Participant: 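Below is one structure. I have some questions about it.
All values derive from a computational prediction rather than experimental measurement. Only this structure's heavy atoms are used, side chains among them; waters, hydrogens and symmetry mates stay out. First the proteins, then the strands, lettered A, B, ... as listed; each starts at 1.
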2 protein chains.
Amino acid sequence: MGGVTQSARLSGADRRKQLIGIGLRMLTKRPIHELPLDQVAAEAGISRGLLFHYFPTKTDYYQAVVSAAARRLIRATTPDPDAPPADQLRQTLDTFVAFLERRRDLYLALFRGSAGGADYLIEIYEQTRDVFADRTVAALGPIEVTPALRLVIRGWFSFVEDTTLTWGRDKPIPREELLTLLAGALPALITAAQPTLAPQVHNLFP
Amino acid sequence: MGGVTQSARLSGADRRKQLIGIGLRMLTKRPIHELPLDQVAAEAGISRGLLFHYFPTKTDYYQAVVSAAARRLIRATTPDPDAPPADQLRQTLDTFVAFLERRRDLYLALFRGSAGGADYLIEIYEQTRDVFADRTVAALGPIEVTPALRLVIRGWFSFVEDTTLTWGRDKPIPREELLTLLAGALPALITAAQPTLAPQVHNLFP
DNA sequence: GCGCGCCGTTGAGTGTTGCTCAATAAGATG
DNA sequence: CATCTTATTGAGCAACACTCAACGGCGCGC
């Protein structure tokens, strides 16, 4: 099983990183309420008491781990800021699908699973989605963001997230076709919601 | 607060129903790991021991409650079997939105965020979605269900679910407009995924 | 009406787990 | 070397999930 390394004295920051890393790994396999903090401490080679020194409650620890996962996701999907907006959106989509392929269990356990849980988890999930929504709006160029459009953009993210996760189970179509489908869905949805925007949006993905 | 009724001797089936009903109510307010089974027992006016007689583990109890919620959702959105397929889909959509409006917390707590995604919960969620996917396929009439189409239909459900939940927070557009948007999204997505189906699908919602 | 067994019900008891706290030891600073 | 900071420990507590042996009301056969 896990490498129960006898650990030397670490700096606070390093110890936190180590503990969060362990959580990132272990919470991918079991849900939070099935993970005793004793096991985390054992894995890190420290006493229970020290764990509580860094994370006063189990909730604090969990929150820190989920936040770390969110940061990873955002970092992994950050597009090249010098590329044209449409390309940036393409990149985000592509890297997002790649992330979900590689870290499927982590994503399911840490985001999807916690999205309906406690408030502090919903908060993290919402913030993450806001980042993607903002990137999408940026890619659309200078158009008025009506409430309906904002709704559709967030909904499109859900569509992308869920379709990719479902696709990842047995990959019933080629990856390229999936990406085309996901990309094509955005102008389709926007047009359905606001037909006046159709012309501006149709050449989003040439 | 809760009516701690001193309860008489009940039949097994009735006691189960009562306990599940209590779970349905209490789990809407706090997540499962913050709900001691003592409180459930107290609310029902029985001893802890009896609770474990009906549900051997806390997981068993939780699973039973989530299943019950899923059955409620499916029952509440079942369309009139004698109506034409397109009407049935309209009905499902309308009642689904109504359900999410009325039982928002319950839906969020028991489906969207079920405790870090244990397998038995994902299973229930998947089965529920399958029901909606099947209803949608039925409404489309006799067309070949390709893998891509199946993906899009599931994805549409996610779009509907999430958009409605987001909309429910501050209702930035009128309810009717939301329904039109959600309904219009299905043919739009299908067309985006499979242009050959466009003609058959465009008069889905007259 | 009477014994008898079934089953809903209880309450005390147990091991694990989240969390506290006072005391220790290792490194940095003067 | 003295002192101050801080990472670290381990004992101890309370809450909770879960067990188990015994009780008691109800229906059944006789």
Side-chain angles (χ1 to χ4, degrees), chain A residues 1-23 25-27 29-66 114 117-121, chain B residues 1-23 26-27 29-66 114-116 118-121:
Chain A
M1 292 285 170
V4 183
T5 339
Q6 198 56 270
S7 64
R9 183 189 173 100
L10 291 185
S11 80
D14 285 347
R15 186 63 82 191
R16 285 180 85 93
K17 275 184 203 161
Q18 179 206 21
L19 292 171
I20 287 175
I22 290 173
R25 186 155 21 92
M26 300 192 88
L27 282 172
K29 287 163 197 149
R30 19 183 174 288
I32 182 68
H33 65 275
E34 284 179 20
L35 177 65
L37 289 187
D38 296 20
Q39 278 187 33
V40 177
E43 184 84 13
I46 61 173
S47 67
R48 253 161 306 160
L50 187 56
L51 188 52
F52 283 98
H53 172 68
Y54 289 107
F55 305 98
T57 74
K58 189 176 187 176
T59 294
D60 287 321
Y61 178 61
Y62 189 45
Q63 183 173 0
V65 173
V66 175
S114 49
D119 289 344
Y120 63 92
L121 293 174
Chain B
M1 291 282 170
V4 184
T5 339
Q6 197 55 269
S7 64
R9 183 190 174 99
L10 291 186
S11 80
D14 285 347
R15 186 62 82 192
R16 286 181 84 92
K17 276 186 204 160
Q18 180 206 20
L19 292 171
I20 287 174
I22 290 174
M26 300 192 87
L27 283 172
K29 288 163 195 149
R30 22 183 172 287
I32 181 67
H33 65 274
E34 284 180 22
L35 178 65
L37 289 187
D38 296 18
Q39 277 187 34
V40 178
E43 184 84 12
I46 61 173
S47 67
R48 255 161 304 159
L50 187 56
L51 188 52
F52 282 98
H53 172 68
Y54 289 106
F55 305 98
T57 74
K58 189 176 188 177
T59 295
D60 288 319
Y61 178 61
Y62 190 45
Q63 183 173 0
V65 173
V66 175
S114 317
D119 288 345
Y120 63 92
L121 292 175

Participant: His53(B) NE2 to dG24(D) P: how many Å, rounded?
Facilitator: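 In whole Å, dG24(D) P lies 18 Å from His53(B) NE2.
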Participant: Could you check if a side-chain atom of Leu27(A) sits within less than 4.5 angstrom of a side-chain atom of Tyr62(A), using non-hydrogen atoms only?
Facilitator: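 Yes, their side chains come closer than 4.5 Å.
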Participant: With a 4.5 Å limit on heavy-atom distance, are the side chains of Ile20(A) and Phe55(A) in contact?
Facilitator: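 Result yes, sub-4.5 Å side-chain heavy-atom pair found.
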Participant: Are Arg48(B) and Leu51(B) packed together at the side-chain level, in the sense that at least one heavy-atom pair is separated by less than 4.5 angstrom?
Facilitator: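 They are not in contact (no side-chain heavy atoms under 4.5 Å apart), so the answer is no.
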Participant: I'd like to know if the side chain of Tyr61(B) and the backbone of Leu37(B) have a donor-acceptor N/O pair within less than 3.5 Å.
Facilitator: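 Pair absent, no side-chain N/O of Tyr61(B) close to backbone of Leu37(B).
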Participant: Between Pro56(A) and Gln39(A), who's closer to the 5' end of DNA chain C by nearest nucleotide?
Facilitator: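 The residue mapped nearer the 5' terminus is Gln39(A).
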Participant: Students often get this wrong, so: under 4.0 angstrom with heavy atoms, is Leu37(B) touching a base, only sugar-phosphate, or nothing?
Facilitator: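 Contact class for Leu37(B): sugar-phosphate only.
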Participant: In whole Å, I'd like the distance from the NZ atom of Lys58(A) to the C1' atom of dC16(D).
Facilitator: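 So the NZ-C1' distance, Lys58(A) to dC16(D), works out to 12 Å.
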Participant: Quick check for you: among dC19(C), dG8(C), dG10(D), whose closest atom lies nearest to any side-chain atom of Ser47(A)?
Facilitator: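 Of dC19(C), dG8(C), dG10(D), dG10(D) is nearest to the side chain of Ser47(A).
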Participant: Roughly, in whole Å, what's the span from CZ in Arg48(B) to C1' in dG11(C)?
Facilitator: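 My rounded result for the distance is 8 Å.
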Participant: Rounding to a whole Å, what distance do you find between Leu10(A):CG and dT9(D):C1'?
Facilitator: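 These atoms are roughly 15 Å apart.
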Participant: Heavy atoms under 4.0 Å, any strand shown: does Tyr61(A) hit a base, just sugar-phosphate, or nothing?
Facilitator: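 Nothing, no heavy atom under 4.0 Å.
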Participant: Of Val40(A), Leu10(A), Leu19(A), which meets side chain to side chain contact (heavy atoms under 4.5 Å, CB included) against Ile46(A)?
Facilitator: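 For Ile46(A), the side chain to side chain contact (heavy atoms under 4.5 Å, CB included) check succeeds only for Leu19(A).
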Participant: Scan Ser11(B) against the nucleic acid and name what it touches under 4.0 Å (heavy atoms): base, sugar-phosphate only, or nothing.
Facilitator: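 Contact class for Ser11(B): none.
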Participant: Of the options dT10(C), dA7(D), dG18(C), whose atoms approach the side-chain atoms of Leu50(A) most closely?
Facilitator: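 Among the listed nucleotides, the one closest to the side chain of Leu50(A) is dA7(D).
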Participant: Quick check: any donor-acceptor pair below 3.5 Å linking the side-chain of Arg9(A) to the base of dT6(D)?
Facilitator: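 Present.
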Participant: Rounded to the Å, how far apart are Asp38(B) CG and dT19(D) P?
Facilitator: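 To the nearest whole Å, that distance equals 15 Å.
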Participant: Could you check whether Leu51(A) gets within reach of a base, just the sugar-phosphate, or nothing at all, counting any heavy atom under 4.0 Å?
Facilitator: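 The residue Leu51(A) makes no contact with any strand.
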Participant: What is the distance from OH of Tyr54(B) to C1' of dA17(D), rounded to the nearest Å?
Facilitator: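 From Tyr54(B) OH to dA17(D) C1': 19 Å.
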Participant: Please classify the nucleic acid contact of Phe55(B) as base, sugar-phosphate, or nothing, using heavy-atom distances under 4.0 Å.
Facilitator: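 Nothing, no nucleic acid heavy atom in range.
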Participant: Which whole-number value in Å describes the distance from Phe52(A) CZ to dT6(D) C1'?
Facilitator: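 That distance rounds to 20 Å.
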Participant: Grab the CD1-C1' distance between Ile46(A) and dA26(C) for me, whole Å please.
Facilitator: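 So the CD1-C1' distance, Ile46(A) to dA26(C), works out to 16 Å.
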